[in-house]
Amino acid sequence: MAPSSARVLYWFRTDLRLHDSPALLKALELKPAAFFPLWCWDPSYIYGHRVGVNRLRFLLESLACVSASITALNARSQLLVVRGNPAELLPELLRRWQITHLVFEKDDNGYARTRDAAVREIAKDAGVELVDVDGHQLYPVSEVLKRAGGKAPMTMQSLQKAIAPLGEPARPLDAPGALPDAIVPGAKGAAKDRKALLTALRDTLDGMPHYSAKGPPDVDLNGPKQGGQRVKGEKVTVYDSLVGPDEDVENLFGVPTLESMGMDPEASGATKTAVVPGGEKAALKRLAFRCKDPAYFATFSKPKSSPALDTSEASTALLSPYLKFGAISCRRVWWDAHDAARKYKGKHTPIPENFKGQQLFNLMYSVVESATGDAYQHVRGNEISRYMDWYLPTAYDKDGQVILPRPRGDEVSEERYEAFVQGRTGFPWIDALSRQLRSTGWIHHLGRHSLACFLTRGQCWISWERGAEFFEELLLDWDPSANAGNWMWLSCSAFFHQYMRVYGLATFGQKYDKTGALIRQYCPELAKFDDKYIYSPHLAPMEAQKKAGCIIGQDYPAPILDEKEEKSNCIARCKAAFTAKLHGADKEVLAGKAEARLRKAHGIPDPKPSTAPKSAASKVPAWAKAKAEKEEPASTKKEEEEHLHEAAGGESATADKQPARPKRKAPAASASGSKGKRAKSEK
DNA sequence: TGAACGTTGGGGGC
DNA sequence: GCCCCCAACGTTCA
């Protein structure tokens, strides 16, 4: 098979694998005379998007794995990592490397959609043939949408109907057995070794302006990183040159390090080393481990898998980060799990609770996101998201552009949100999950449910947009379609509507683990409490608190709110929002008038906007105030209840029917006392 | 138009 | 571990 004259640039993105890569195989079908495996280390992704240390680390490890696999197939090749924005780099690379074909795997979701539309134009202008190939999902997203009649499939049933005519997903394809050389333009043939290639390739890029030499960048590389991941003000060196540090030729076009990005995992609250290591090899190993037990996939049932386990002993297969980055193929997972489960003779779990169902939900979100467009990430303009009068919604300027950073909202909500992201709400189950997420980059799906329900329709009534941002920064497996989709689901904004069903802040976790092992691990200050109190330490008598060496309100925060009271407030607000039947794309919402109308119609007073400047407020978080309050003479339980009652009556004429924003002070130790009384008065 | 259903609630009874 | 009920949503289908 004589090579053609094709010079192929293969652009790796969310397909960091060699096995079952339809796009990669398509590129090789061109019989390239020269083959350039490329990765663009885009600063706007790293510094402009919400991406934390754990996901960056996972990405770096995945890149290193791909590069090593390429070198294993061709000792004169590797992944060619260039530092810069693809929209700026690609036109130059296409020209300087005399590329004839640009090949990549399609990405239908989120920011990739906009990026790839621009790349399409770039290829056209350069006279380069662009070959994009489906492969990230079980079925081509555009095909599924077409089969669904162009209408977003909002239920598993409608998705299944849409894919039924397509049959089973394709069987996975093998990894290529060889990869062609990257041949420098003008060279007679392949370089004698990898070092020679890298040096020659560097010379082809001579004079090309690199990122930090170009003047003011569109993102401040050394500024505070969104989400607070940047630490120690370290200088970013990764963008000092286009091809990486060149003191050592070995490192040219190499995978950057966290240090070169000024990132320190531990200072960011992440574990020192990855709990879930990135890369295709790790992914295949993990899948193979689960396939050894036929019962695992055959009897897998998501609602029955425990969210109360640490990341290293997850009850689920924990393949989602690998699927997100394409380090494992979804078809490989589908069929390996299928083949393993076939050996199991007992009763198999059906779709959607089973493992295949989980993969189909991912597909469903991807299809819905692609049908909804960029508005999918927010409420405003989003045709599928119900409008609810959340606190801390995304803010817009006169022209409808998102205001960043978000202006502060009402003080109570700001403090609650801060406590939530820091894992200091005073609810151990919530705090453990929040901390586990920050530490390891992963929590179980049902743990995500607990957090999402609490923050939105369960208790805090804070916009799902804020929750989605929090997960976006910290989740290894963050995906623009699944993340926002799940937040809409849990907040009853779309997909799911049964707002009466609220996760208990103690009861839900207890169902899976009465001993509270996850809490003991991530909230060590609570570790010495008896099982009886581990999920609700604020109910422990002072004697028990002393015995446990943890005084609530001092060593661990008192609850930031009253669970039952806020639950009933939120249900009433859900009812009001469902009666209003507003959606994100409705005129009234776009005009910014929905919130006032909804609150007025249902007798809910507007929250008091925060007066505290952002910096000052963040220095004194909620739990610190709770601590300060603890030091004041404590009010009796009775006084506190009376105080709350007055507040409710005083804030609105209709406060007896509709909930008002509660006073900031949470009833720290009154939950058990008020429980019976409130239950009675509600009847 | 009404019944059945919807991946994953809580609480109680058996 | 299974059932029902709580009170109630939207979608689908007969």
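Just so it is clear: chains get the letters A, B, ... in the order the sequence lines come, proteins before strands, and each one is counted from 1.
Picking from dT7(B), dT8(B), dG10(C) the nucleotide with the shortest atom distance to the side chain of Gln358(A) gives dT7(B). Set against dT8(B), dC9(C), dG10(B), the side chain of Pro303(A) has dT8(B) as its closest nucleotide. Counting only heavy atoms from C-beta on, Pro352(A) has its side chain closest to dT7(B) among dT8(B), dT7(B), dG10(B).
Spacing of P atoms, dC4(C) relative to dA4(B), comes out at 13 Å, to the nearest Å. Between dC3(C) and dC5(B), the two P atoms lie 14 Å apart (nearest whole Å). Distance check on atom P: dC13(C) versus dT7(B) gives 13 Å, rounded to whole Å.
Nucleotide dC9(C) holds its P atom 18 Å from the CZ atom of Arg573(A), rounded to whole Å. Nucleotide dT7(B) holds its P atom 11 Å from the CG atom of Leu159(A), rounded to whole Å. Taking atom CE on Met154(A) and atom C1' on dG10(C), their separation rounds to 11 Å, with Å as the unit. As rounded to whole Å, 14 Å separates atom P of dG6(B) from atom CE of Met364(A). The nearest whole Å value for the distance from the CD atom in Gln498(A) to the P atom in dG9(B) is 8 Å.
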- Passes side chain to side chain contact (heavy atoms under 4.5 Å, CB included), Phe355(A) versus Leu319(A)? Steps please. CA-CA 11 Å; Phe355(A) 199 79; Leu319(A) 292 169; 4.2 Å; yes
- Verify salt bridge (Lys or Arg N to Asp or Glu O under 4.0 Å) between Lys581(A) and Asp586(A), making sure each step is shown before the conclusion. CA-CA 10 Å; Lys581(A) 288 190 187 346; Asp586(A) 292 352; over 6 Å; no
- Determine, step by step, whether His444(A) and Thr316(A) satisfy the side-chain hydrogen bond (donor to acceptor under 3.5 Å, both in side chains) criterion, reporting the C-alpha distance in whole Å, the side-chain angles of both residues, the deciding distance to 0.1 Å, and the verdict. CA-CA 8 Å; His444(A) 185 278; Thr316(A) 47; 4.8 Å; no
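Checked against the 6.0 Å centroid criterion, the rings of Tyr417(A) and Tyr391(A) do not qualify as a close aromatic pair.
For the OP1/OP2 pair of dG10(C) and a distance below 4.0 Å, the side-chain nitrogens and oxygens of Lys581(A) include at least one atom meeting the criterion. The phosphate of dG10(B) has OP1 or OP2 within less than 4.0 Å of a side-chain N or O from Lys511(A).
Contact check on Asp477(A) versus Lys324(A) returns no salt bridge, with no Lys/Arg side-chain nitrogen under 4.0 Å from an Asp/Glu carboxylate oxygen. Under the 4.0 Å criterion applied to side-chain N and carboxylate O atoms, Glu369(A) and Arg113(A) are assigned as salt-bridge partners.
Using a 4.0 Å cutoff on non-hydrogen atoms, the parts of residues 499-506 of chain A near DNA chain C are Tyr499(A), Met500(A), ordered by number.
Both distances falling under 3.5 Å, in either a Watson-Crick or a G-U wobble arrangement, place dA4(B) opposite dT11(C). Searching all strands for a Watson-Crick or G-U wobble partner of dG11(B) with both distances below 3.5 Å returns dC4(C).
The residue Phe508(A) sits close only to the backbone: its heavy atoms come under 4.0 Å of sugar-phosphate atoms, none of a base. At a threshold of 4.0 angstrom between heavy atoms, the contacts of Lys567(A) with the nucleic acid are absent. Contact annotation for Arg448(A): no contact, since no heavy-atom pair falls under 4.0 Å across all strands.
Closest of all the heavy-atom pairs between Gln137(A) and Leu363(A) is OE1-CA, 3.6 Å. For the pair Arg457(A) and Val502(A), the tightest heavy-atom approach, listed with the atom from each and the gap, is NH1-CG2, 3.8 Å.
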Protein-nucleotides 12-14 of chain C N/O pairs under 3.5 Å:
unit_1, atom_1, unit_2, atom_2, d
dC13(C), OP1, Lys161(A), NZ, 2.3

Polar pairs (N or O, both sides) under 3.5 Å between protein and nucleotides 1-4 of chain B?
none

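Nearest-nucleotide assignment on DNA chain C puts the 5′-proximal partner with Lys304(A), out of His497(A) and Lys304(A).
His538(A) and Phe427(A) have perpendicular rings, their planes meeting at more than 60° on a 0 to 90° scale where under 30° would count as parallel. Classified by interplanar angle (parallel below 30°, tilted 30° to 60°, perpendicular above 60°), the ring pair Phe471(A)/Trp487(A) is perpendicular.
Note that the CZ atom of Phe470(A) and the CZ atom of Arg466(A) stand 13.5 Å from one another [nearest 0.5 Å]. A distance of 4.5 Å separates CG in Asp336(A) from CG in Leu287(A), rounded to the nearest 0.5 Å.
Cation-pi geometry between Arg386(A) and Phe578(A) is met: under 6.0 angstrom from the ring centre, within 45 degrees of the axis.
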